[in-house]
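FYI, side chains are in, hydrogens and waters are out, and symmetry mates aren't considered; it's all heavy atoms of this structure. Protein chains get the first letters and strands the later ones, always in sequence-line order, with residue 1 at the start of each.
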Amino acid sequence: MTKPMKIRSLTGRAAAPMPNGLSARQYPLGLSLLLIAPLFLLLGFGFIYPVGRLLGQSFFAPELGLDNYRRLLETSLYLRVLIRTITVAFVVMSASLAIGYPVALAMARLRRDLSSLVMACVLLPLWTSALVRSYAWIVILQRRGLVNDVLSGLGLISEPLKLLYTEGAVILAMTHVLVPFMILPIYGALRAIPPDLVQAARNLGADRVNVFIRILLPLSLPGVFAGCLMTFILALGFYVTPALVGGPSSLLMATLIGQQTTETLDWGFAGALSTVLLLVTLLIVILFRKVLSHSRGISNVA
Amino acid sequence: MKGEAVTLEQIDKNFAKTAVVRNVSIAVQAGEFLSLLGPSGSGKTTLLMMIAGFETPNRGRISVGARDITFEAPNKRDVGMVFQKYALFPHMTVAQNIAFPLRMRRFGKAEISDRVDAMLATVQLEGFADRLPLQLSGGQQQRVALARALVAEPPVLLMDEPLSALDKKLRETLQIEIKRIQKNLAVTVVYVTHDQEEALTMSDRIAVMADGELMQIGAPTDLYHRPTNAFVAGFIGKMNFLDGEYLGQDGGEAVIRLTETATLKCPVSTVPAAAGQRLTIAIRPEDVAVRQCDGFSPQCVRGRIEAALFVGAAYVILVAIEGHSGKVLEARFAATGGSQPFVPGDTVDVIFEPHALKLFASQQRQAA
């Protein structure tokens with residue numbers, strides 16, 4: 001199934017400029033560079049330089065060497081945090097997919113006005129700060145919060161459950177924050193499927209289940225992969241929510257890095273942790289790409 | 001494969017409060033090629049969608065052979081369909097696309113592969129089995145769509161303007177090919193088009209639709225030579241329409257006043273109006289005879305040449321009828337060498353042969 005790649009290169013060639021003279025479809029190189037320049041400057045000064053410094057410090061602070069990395073790898077606590085971070089990110093991604101796909105599917109099949117309404121409901125949390133949403137979960141999950149009140153009111157529990165400051169709370173709150181990032185690309189992919197494909201499949205003898213399995217699902221995979229990649233990467237580096245609703249037993253990498261920079265002021269070790277997190281993220285992006293290039297024409301997302 | 005009859009009985013369909021199909025009954029015979037022809041918004045596609053099961057009628061009955069399929073699920077109808085934009089599955093190869101209906105019907109692997117190969121041969125696409133739809137030209141994609149619709153041997157094939165996205169040359173080739181395949185397989189075809197030439201070329205019968213109603217159904221020659229209403233007369237081929245008044249009978253012939261000074265005679269049996277009523281006179285451009293003015297004759301009207309055009313196989317001249325409120329008549333005759341015999345400004349006699357005239361009640365709707 002490597003043929004789709006060939007198609008891409010074909011269309012790519014069609015869009016290339018003519019060898020002689022300029023194509024009206026493309027700006028001259030100088031103008032293009034000028035238009036891109038502000039972003040690149042911002043990226044350079046605001047991202048590459050400081051991150052580079054931080055990563056660099058992992059080798060130089062407090063003194064030249066790999067001490068910071070040795071400490072990270074030799075302390076089981078830090079390795080546990082790394083593994084927990086990846087696990088939590090994976091669970092959040094899976095939960096977002098499980099919750100998000102049906103919503104995206106419904107949105108794609110709803111009447112236009114209803115689908116806009118659902119879209120607004122999906123986007124509304126995105127317009128609210130993650131901080132506010134995390135506090136909202138604290139209100140719901142705390143000892144005398146909504147959930148415990150209802151459960152004890154119903155007589156199901158005799159004393160409040162410990163819901164807050166657990167890994168479960170972190171996963172729940174992060175999924176809530178990240179699920180729109182799953183829904184939107186899947187919805188986009190589903191919306192892009194021409195309705196007559198579904199009609200054709202029905203006409204050719206497919207029931208609704210088969211239409212989903214053989215047409216909608218495979219054709220929405222690019223959106224699924226984009227959504228998974230986005231939620232997974234965002235979850236890997238998530239800071240606010242785990243810091244607020246998570247406890248010491250559910251410490252994640254971002255929170256750990258935050259502690260190192262603001263509390264223990266160990267910039268070298270923070271740099272080492274950042275480097276490892278960045279490498280893990282890159283590794284996962286590459287893995288995603290590998291999977292993608294093997295699955296029928298789905299590319300361009302990672 | 002054997003075609004089956006498709007029967008539409010008194011079909012009504014409303015979208016919101018608008019009636020898009022009104023009391024349409026059509027009996028398509030087994031193995032027949034029937035076109036639904038009409039301008040956009042005439043309800044022809046809605047009718048097709050109801051046969052396919054993507055819409056259900058508000059009233060009426062649809063059956064294939066002896067099966068009532070009015071409310072049957074689309075996937076249970078066993079009615080093939082070719083879509084306007086092909087609707088090939090982009091993530092499946094040509095062979096997988098064609099195999100799809102067979103897999104849905106749980107055919108064995110060996111039989112699927114045999115049938116797919118046979119179908120590829122029928123549509124002359126051997127060697128394209130492993131291509132993806134995007135790697136094919138529009139004409140090839142349409143052949144795949146046709147193969148996919150026919151591979152499960154449905155008794156009925158629906159086609160929704162399948163050639164409208166293709167250029168003229170390719171369209172003509174595929175028209176012939178579709179017709180050939182249809183004849184070989186003896187499948188019943190219901191073909192939606194707004195292209196009257198396509199309908200005339202391919203169909204055994206044509207059902208002309210307008211405003212959700214069936215205007216006339218008949219063989220192409222019937223519709224062309226014997227339209228039963230002004231709409232069909234104007235929609236199929238070119239037609240001149242003139243207003244006139246039925247004066248009454250004179251010596252066994254009907255007399256119709258065309259202008260203050262000119263009257264026409266024609267057989268009484270063709271007149272759809274009572275004496276004194278207004279009516280619409282229709283005549284095809286190729287039936288209009290024009291000659292240099294040589295004085296008054298009864299089937300003759302004085303006119304002035306407005307324009308004289310050479311259109312390749314024919315001359316077309318536009319004649320303004322004298323005393324008929326600026327009405328311009330089109331006449332067309334074969335260009336058999338020589339030069340255009342008329343010059344703009346010439347005064348001529350326009351002759352209306354009685355047998356070439358078609359008369360309609362004047363309030364009838366006409367094609368735009």
Exercise. What heavy-atom pair brings Arg202(A) and Ala73(B) nearest, and what distance separates the two atoms?
Worked result: NH2-CB, 4.4 Å
Exercise. Where on Asn203(A) is there a heavy atom nearer than 4.5 Å to chain B: the side chain, the backbone, both, or neither?
Worked result: both
For this session: Determine the option with the most heavy-atom pairs under 4.5 angstrom with chain A, choosing from Ala87(B), Ala145(B), Ala149(B), Pro90(B).
Result: Ala87(B)
Exercise. With only heavy atoms counted, which part of Arg105(B) is less than 4.5 Å from chain A, the side chain, the backbone, both or neither?
Worked result: side chain
Exercise. Considering residues, nucleotides and ligands other than Arg109(A), do more than 12 of their heavy atoms fall under 6.0 Å from its CZ?
Worked result: no
Problem set entry | Contact check, side chains of Leu204(A) and Met104(B), non-hydrogen atoms, under 4.5 Å | no
Exercise. Do other residues, nucleotides or ligands put more than 12 heavy atoms under 6.0 Å from Lys179(B) NZ?
Worked result: yes
Problem set entry | Distance in Å, Asp207(A) CG paired with Lys76(B) NZ, rounded so as to fall on 0.5 Å steps | 7.5 Å
For this session: Search all heavy atoms of Ala200(A) against all heavy atoms of Arg148(B) and return the closest pair with its distance.
Result: CB-NH2, 3.6 Å
Exercise. Checking heavy atoms, do the side chain of Leu88(B), its backbone, both or neither come under 4.5 Å from chain A?
Worked result: backbone
Exercise. When rounded to the nearest 0.5 angstrom, what is the spacing between CZ in Phe89(B) and CZ in Arg214(A)?
Worked result: 10.5 Å
Problem set entry | Other residues, nucleotides, ligands: >12 heavy atoms within 6.0 Å of Arg84(A) CZ | yes
Exercise. Is the closest side-chain heavy-atom distance between Met49(B) and Gln199(A) below 4.5 Å?
Worked result: yes
Exercise. Would you say the side chain of Leu197(A) lies within less than 4.5 Å of the side chain of Tyr86(B), judging by non-hydrogen atoms?
Worked result: no
Exercise. More than 12 foreign heavy atoms under 6.0 Å from CZ of Phe15(B): is that the case here?
Worked result: yes
For this session: Give the intermediate values and the outcome of side-chain contact (heavy atoms from CB on, under 4.5 Å) for residues Asp196(A) and Phe54(B).
Result: CA-CA 10 Å; Asp196(A) 59 358; Phe54(B) 302 128; over 6 Å; no
Exercise. For Arg208(A), is it the side chain, the backbone, both or neither that has a heavy atom under 4.5 Å from a heavy atom of chain B?
Worked result: neither
For this session: Report the option among Met81(B), Gln84(B), Arg77(B) that has the most heavy-atom pairs separated by less than 4.5 Å from atoms of chain A.
Result: Met81(B)
